[in-house]
Structures are given as C-alpha cells and as structure tokens.
Amino acid sequence: MINVTLRQLRYFDALARHGHFGRAAEACSISQPALSMQIKELEEALGGLLLERSARQVALTRFGEELSQRVRDILRSVDELGDFARASQDRFAGRLRIGMIPTIAPYLLPKITKNLTRMHPELDIRVRETMTPRLIQELVEGRLDTAIVALPVSEPSLTEVALFDEKFLLVRPGSDEGTPAPSREMMREMRLLLLEEGHCFRDQALSFCNMQSAPPREMLDANSLSTLVQMVSAGIGVTLIPEMAVPVETRSASVSLSRFRDPEPSRTIGMVWRKTSPLARQLLQISEVVCLSAGKVRARPSMRSQRA
C-alpha cells in the first residue's frame, strides 16, 4: 500500500501551480526545506520523479503532469467532504472562499463582508480578486467556493444564478457637462478608454459600441476603472463605468456623467458555483446577501440559472 498523506498532496499541488519552491512554500506557510522534504518523500512513496529541478524554477515531469490533475480531483473531493459536513449543520461556519472580478470587488466587497460577518459571525471569509477566466478555473479546480462575476460564463460544470442588472454610464471631461450623450455610432469616432485585455467589462463596452476591438491609434488601456476615470479627467478621452463604481471613482475627478438613451448598456451580475458543491443551499442564501449589499432587488431567475 502506498503511504501518501493529504499534506504531501497539497504541497505538490501548490508546487505544480506556482512552479517555484519558494512561492509554493510561502503559499503553504511552511519553510522551503520542509516543502522540499515532503515532495521528496512523495516521490519515494510513488516510485517516480515528479519534478525537473533547476536553479530558478521547477517543471513537472510527464508523470508529474499526469499526477497533478488526479491530485486536484482528490483535493477537491476532500474539500467537498468538509463542505458536506458543514452543510449538514444548522449554522453557517468555517472557511468561505469567494472570488470577485476587479470591476465589482472594490465597490461591493466591504458591504458584503460586513453583512456576512454580521449574519454569520463564525464564517472565515477569504476573498480572491482576479479576472473571470482565472476565477472560473480556480472554481472548477475547487480552490474557490463561489465567485461573483458578470454573466454568462457558460461553464457546464457550474451553476449560474443571476442577481441583478447594472447600467453603464458615460464618463466625459467636466467641460462636457450638460451636453447630450452620444449615440453608439458617435462613440466609435471618439477616443474610448478601455480596461486592458482580459477584463470582461472591456468586451462589454466594445460590444455596446458595436466594435470588435479598439483601433490601434486609440488603444489606451488601463488596469483599473480608477485609472480610466483619471485619464478622462485629464482630457485624454471618454470611458464607460458601471453604476456601482460611480460614487467611489468620480468623487475626486473633474468629470461629467451621462446616461445613454434606451437601450442603455448594462451587465448582469451573478454568482456561480460548482454543481457538485454541498454548500449550494448556503450559497443561494449568500446570493441574497449580495443583492442586499448592492441595494438591488433580486432578479427573476433566468432559464440558464434554473438549468444550471
């Protein structure tokens, strides 16, 4: 019988993800020598090399690559056992790993955390902020319990629950105050400032303007809505921001805000989690807290949400 521990599997998973002993050790909160020793013992127990070691980084061997996915499946199943035990209790307690996209987290996270802590004081809330593709990957791999994103994500293994719709506003320099909002066609002729590639909000803004991509001469990207608004304040161009970002991002910027004529550009905010998650009932309750935190009325569940 092979003598392998869950601790060794978690250490190997961290090393496979980070590709570096130092970063993996830091993620596991242990020393690098201790991590190296555990990996070596795992290799001895399995009878094969898992890594190709070099001075700067590590790479998985073919055996290591094949083992990596199996280890992730094992760890996800083990975590779901813990979730199953928690779901059977009357109270909602323990670790809750929530992912959020950058165009939501700064504006909703403080309120969500405050409300969840008040309603469920025994929860240990851990937040991960990154772009949608990364959140979905980590959710599928079992490293997150749920994520708050713009729908749809169209991942077959996930449940999607629509929460509320949110309008986009046009941000222009302060000197444009009082002038009518431009049409979609006019927007294509303006210098539209966008978030960098990978942000779903970028794609939504381009879609509203009927643009597949921004012309190279107009490509002025930023990695945050805050930077976009400050660029507009400096007279560099115009941009779109979601309603929830307005109070935070425009309070110290000399800009004007305008709503578009119907149909206004918008996005659907929702929560996603694994269909196999034992915490589905609790996560549905948390979705109500998210709506409360946003000051929104829960959207009627869509057919996509019901099928998921």
Side-chain angles (χ1 to χ4, degrees), residues 10 13-14 16-18 23 27-28 72-73 75-80 82-83 86-87 92 94-117 119-120 123-164 166 195-204 223-225 242 244-245 267-294 296 299 304-305 308:
R10 292 195 186 279
D13 180 57
R17 285 189 283 108
H18 291 282
R23 290 192 292 271
C28 296
R72 288 178 184 174
D73 291 341
L75 294 178
R76 181 170 62 245
S77 296
V78 170
D79 287 341
E80 288 185 351
D83 292 340
R86 287 196 292 153
F92 196 10
R95 182 185 64 185
L96 178 66
R97 302 165 298 178
I98 304 177
M100 294 187 198
I101 55 177
T103 56
I104 292 178
Y107 320 111
L108 273 188
L109 177 57
K111 295 178 182 177
I112 293 173
T113 303
K114 180 179 179 180
N115 286 327
L116 282 177
T117 301
M119 296 176 181
H120 306 284
L123 271 182
D124 175 17
I125 303 170
R126 305 182 186 183
V127 180
R128 169 85 159 116
E129 179 188 351
T130 189
M131 289 183 278
T132 300
R134 186 66 177 172
L135 290 178
I136 298 308
Q137 178 185 349
E138 295 182 9
L139 191 55
V140 170
E141 292 176 354
R143 288 185 275 145
L144 289 173
D145 297 309
T146 186
I148 302 173
V149 296
L151 299 182
V153 297
S154 303
E155 166 54 51
S157 65
L158 300 181
T159 292
E160 297 183 18
V161 176
L163 301 182
F164 57 87
E166 181 185 35
L195 291 174
E196 62 186 356
E197 292 279 358
H199 287 273
C200 58
F201 189 75
R202 172 195 177 91
D203 300 330
Q204 293 156 358
N223 62 10
S224 72
L225 293 177
M244 70 172 70
R267 64 179 178 178
T268 299
I269 303 301
M271 279 180 60
V272 293
W273 56 80
R274 292 183 303 281
K275 290 181 178 179
T276 58
S277 175
L279 296 175
R281 180 174 60 85
Q282 287 85 349
L283 294 174
L284 195 58
Q285 293 173 358
I286 287 177
S287 72
E288 300 290 349
V289 177
V290 174
C291 290
L292 171 69
S293 303
K296 299 286 188 178
R304 179 182 292 108
S305 301

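Nothing fancy with the numbering, it's 1 onward along the sequence.
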Which pair of non-hydrogen atoms, one from P102 and one from Y107, has the smallest distance, and what is that distance?
O-CE1, 4.4 Å

What residues form a salt bridge (charged side-chain N to carboxylate O under 4.0 Å, His left out) with R267, not counting sequence neighbours?
E166

Contacts of S157 that satisfy side-chain hydrogen bond (donor to acceptor under 3.5 Å, both in side chains) - sequence neighbours left out
E155

Can you list the residues that meet the side chain to side chain contact (heavy atoms under 4.5 Å, CB included) rule with A27, with sequence neighbours excluded?
H18

C28: which residues meet the side chain to side chain contact (heavy atoms under 4.5 Å, CB included) condition with it, sequence neighbours left out?
Y11, A14, I30

Is there a side-chain contact (heavy atoms from CB on, under 4.5 Å) between I112 and I148? Walk through the geometry before answering.
CA-CA 11 Å; I112 293 173; I148 302 173; 3.8 Å; yes

Taking only residues two or more places apart in sequence, or in another chain, which ones meet A280 in a side chain to side chain contact (heavy atoms under 4.5 Å, CB included)?
W273

For the residue pair M271 and L283, what are the closest heavy atoms and their distance?
CE-O, 3.7 Å

I'd like to check the side-chain hydrogen bond (donor to acceptor under 3.5 Å, both in side chains) partners of S293; sequence neighbours left out, ordered by chain and number.
N115

Test: D124 and R95 ion pair at under 4.0 Å
no

Is the shortest distance from a Lys or Arg side-chain nitrogen in E196 or R202 to a carboxylate oxygen in the other one below 4.0 Å?
no

Might you point out which heavy atoms bring E160 and L151 nearest each other, and give the distance in Å?
OE1-CD2, 3.9 Å

Roughly how far, to the nearest 0.5 Å, is the CD1 atom of I98 from the CZ atom of R126?
12.0 Å

Could you work out, with side-chain hydrogen bond (donor to acceptor under 3.5 Å, both in side chains) as the rule, every residue matching D73, not counting sequence neighbours?
Q69, R76

R10: which residues meet the side chain to side chain contact (heavy atoms under 4.5 Å, CB included) condition with it, sequence neighbours left out?
L75, V78, D79

In chain order, what residues pass the side-chain hydrogen bond (donor to acceptor under 3.5 Å, both in side chains) check against D203, with sequence neighbours excluded?
none

Salt bridge (charged side-chain N to carboxylate O under 4.0 Å, His left out) against E141, all qualifying residues, sequence neighbours excluded
R72, R143

